[in-house]
Amino acid sequence: MPVGALPPPEDPAPADPVDRLGPPPPTDRLRGWATALALAALGGLVRFWNLGFPTDKGTPVFDEKHYVPQAWQVLRNGGYEDNAGYRLIVHPPLGKQLIAIGEWLFGYDGWGWRFSAAVAGTVSVLLIVRIARRLTRSTLLGALAGVLLVCDGLSHVQSRVGMLDAFLAVFVLAAFGCLLVDRDQVRQRLAVAVREGRVAETPWGPRMGFRWWRFGAGVLLGLACGVKWSGTYFLAAFAVLCVVWDVTARRAAGVPRPWVGTVVRDLGPALWALAVVPILAYLATWWAWFGSETGVDRHAVGRDVGADSPFWFVPDALRSLWFYSSKVLEFHNSLVTDPNKPHPWESKPWTWPMGLRPMLYYLESGGGAPGCDGRQDCLGAVMLVGTPAMWWLAFPMLGWALWRAVTRVDWRYAAVLVAYAAGWLPWFVNLDRQMYYFYVTPIAPFLVLGLVLVMGEILGSARAGAERRGTGLLVVAIYTGLVVANFAWLWPILNGNAIPLWWWNAEMWLPSWR
C-alpha cells in the first residue's frame, strides 16, 4: 500500500511488499529518541511553568471544582469516593485517582491537583514525536509534531487544570501508538513468512503469534474508558482499524483469501485483545470501589436492586456497579441544553474543529486581581482556546486527508481520519445534550498528526531536487514559526497572566470568543 511521499534521506529502502517501512538504523533510532526526549522536556517546562496559578482564591477553578474534591475523597479513602454529591460523581474513578497522586505528593493546592495532568500533557508530547516519526519515517516531522502539540493552546490549558480530559487524551494517543507498532510488527512477521515460502501453505495465510502491542493497546483503551466513557468511541474505531490493517497486510503478502484469513486467524485474538482485555482493564480501575464498604452504590443489591433479579447468578458487586453506571448514564441523558437558559460556554460539535466557541475557565479583573497592582483596567484570565494557526486549518486538513485516503489509499491519512472522527462524530448523535469545547481534547493530537502529514508533502520527497526541497522547507519553517508566534501571543490568556484591558480585547479575535 502507498505510504506517502516522504521517506527522508537516512531511511532504508523498502525491503518487502509487506514491509515497506522497515525499522530505522540504530543511529537514526537514537536520534529519534533524543529528539523526543528533548521536546518532552520542553513540553514539560511549558506545562509546569507556574502550574499552581491561578486559583479561585485558593480553591479550584471551573470544573476542577468537581474533580479536585472527588480526588481528595479518593486520597482520603484509599482509592474510591463515598460521597455521592447529589450523584455528580458521573465518571469512572481512574482520572480522579491520578489527580489524587498529585494531591498526595504536594497537598491540596494548585500544584497538587494539577500535577498529574501536567505529567500527562508532557507524556503526550513524547508520544506524538515518536508516533509521527513512525508514521512518516522522518525525525524532522516527528520533531515538528512535538512543537505543534506543545504550542496547541487547548492541549496546554487542559494539561494545566485538574480535570479528566488530559488523561483520556494520553491513553488514547498511547493506544494509537501501540497499534501502529503492531501494524509494523505484523508486516515484518509476514515478510519473514514470504521469504520462507509459508504464505501459500493455506488459503488463510500464517498465524501471527501473540501480539503484545495490540494487547497493550487493549489495556490502554480500557484505561481510557476508566477515565471517561467516551473512550469507548476510540475503542470501537481502533478495533475496526486494526482488523482492516490485518486484511490489507495479508493481501499485500499474497495470501489467497485475505478476508477469510483475517476472520479465521485474526478475528478471535482481536476480540480478545480489543474487547475482553479492555473490559477487564476497565473493571480493574474500580479496584478500590470493589474492595470498599462505603463506596457510592457499592451495596445497591438488596437495597436499590432486588436480590431476586433474573441476573441473580451475576456477582452482587458487578450488579451494583451496573446499577451505579445506569444512574450515571441517566444523569448524562438528562444533561440537556435549556433553550431558555443555555450554559454561557456550551457549544455544539460543528464549532469544535475550528474552536469557534472557546471556554473561559478563570477571570479576575480590577485592582484586586493578582498582578494588576491596583489598576482597574486590568484583568487575568484563562481561556481554553486552540491555537488558531492550527485549528483554523482543521477542515482543509480533513478534506485533504480524505482525498489522499480515497484516491491514493494512503493508510496514514486514513488512520488519522478514523481517530479524529472517533473523537468528534459521535457527539452529533444527541445534539440536545449540553456539550463543551474541552470534549475535543483527545482529538487535538490527531489534528497535529494530520497537519504534520501535510507538512511532509510540502517538504517533498527526499529524491526531489534541492530547489524543491528548499522551497518546501521554507514554507514549513514559516508555518511552524507562525504557530509558535500565535501560541506566544495567546500565552497571557492561557495562563492567567495580568494584562491591560486593551490587550484582552486584542486577544479576542472573534465575537464568538467573548
Side-chain angles (χ1 to χ4, degrees), residues 1-8 11 14 17-21 127-146 148-149 152 172-173 175-184 186-187 217 233-234 236-249 251-252 352-354 390-426 440 442-462 464 472 475-476 479-480 483:
M1 294 177 63
V3 294
L6 191 73
D11 282 342
V18 293
D19 191 20
R20 291 173 184 258
L21 291 177
L127 288 172
I128 204 164
V129 175
R130 298 302 301 161
I131 289 170
R133 173 66 184 84
R134 184 164 289 272
L135 276 175
T136 64
R137 296 311 197 260
S138 167
T139 302
L140 172 61
L141 291 177
L144 290 175
L148 293 188
L149 191 63
D152 172 36
V172 167
L173 184 61
F176 183 76
C178 284
L179 290 180
L180 288 180
V181 179
D182 174 72
R183 181 187 183 278
D184 282 355
V186 164
R187 280 155 176 75
Y233 304 146
F234 294 96
F238 288 178
V240 172
L241 188 64
C242 187
V243 171
V244 171
W245 282 349
D246 287 348
V247 172
T248 56
R251 184 174 60 192
W352 295 346
M354 293 182 63
M390 294 167 52
W391 287 77
W392 288 3
L393 294 180
F395 283 122
M397 182 277 290
L398 292 172
W400 179 253
L402 184 61
W403 171 258
R404 291 286 297 187
V406 172
T407 63
R408 298 293 183 91
V409 199
D410 193 323
W411 69 270
R412 305 169 308 161
Y413 282 106
V416 170
L417 279 174
V418 167
Y420 191 102
W424 180 41
L425 295 183
V440 298
I443 71 173
F446 300 104
L447 169 66
V448 168
L449 291 174
L451 291 173
V452 164
L453 289 176
V454 175
M455 292 165 75
E457 297 203 53
I458 293 173
L459 279 172
S461 169
V475 172
V476 168
Y479 174 71
T480 304
V483 171

Return the [atom1] to [atom2] distance between [X] and [Y], rounded to the nearest 0.5 Å.
X      : Y      : atom1 : atom2 : value
Leu127 : Leu173 : CG    : CG    : 5.0 Å
Leu140 : Met455 : CG    : CE    : 8.0 Å
Asp182 : Arg187 : CG    : CZ    : 9.5 Å
Trp424 : Phe446 : CH2   : CZ    : 15.5 Å
Met390 : Leu451 : CE    : CG    : 6.0 Å
Leu417 : Leu402 : CG    : CG    : 6.0 Å

How close do [X] and [Y] get, counting heavy atoms only, and between which atoms?
X      : Y      : value
Leu393 : Pro396 : O-CD, 3.3 Å
Leu179 : Cys242 : CD2-SG, 4.2 Å
Val129 : Gly146 : CG2-CA, 3.6 Å
Phe234 : Ala422 : CD2-CB, 3.8 Å
Phe238 : Val172 : CE1-O, 3.8 Å
Ala217 : Ala175 : CB-O, 3.8 Å

Item to check | Candidates Leu148, Leu141, Ile131 - the one meeting side-chain contact (heavy atoms from CB on, under 4.5 Å) with Leu449 | outcome: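 Result: among Leu148, Leu141, Ile131, Ile131 is the only option passing the side-chain contact (heavy atoms from CB on, under 4.5 Å) with Leu449.
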Checklist entry - Are Tyr413 and Val454 close enough that some pair of their side-chain heavy atoms sits under 4.5 Å apart? => result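 Yes, at least one pair of side-chain atoms sits under 4.5 Å.
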Checklist entry - How far apart are the C-alpha atoms of Val452 and Arg133, what are their side-chain angles, what is the distance that settles it, and do they pass the side chain to side chain contact (heavy atoms under 4.5 Å, CB included) test? => result CA-CA 10 Å; Val452 164; Arg133 173 66 184 84; over 6 Å; no
Next on the checklist: Less than 6.0 angstrom separating the ring centers of Trp245 and Trp411, yes or no?
Outcome noted: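 Between Trp411 and Trp245, which both carry aromatic rings, the centre distance is below 6.0 Å.
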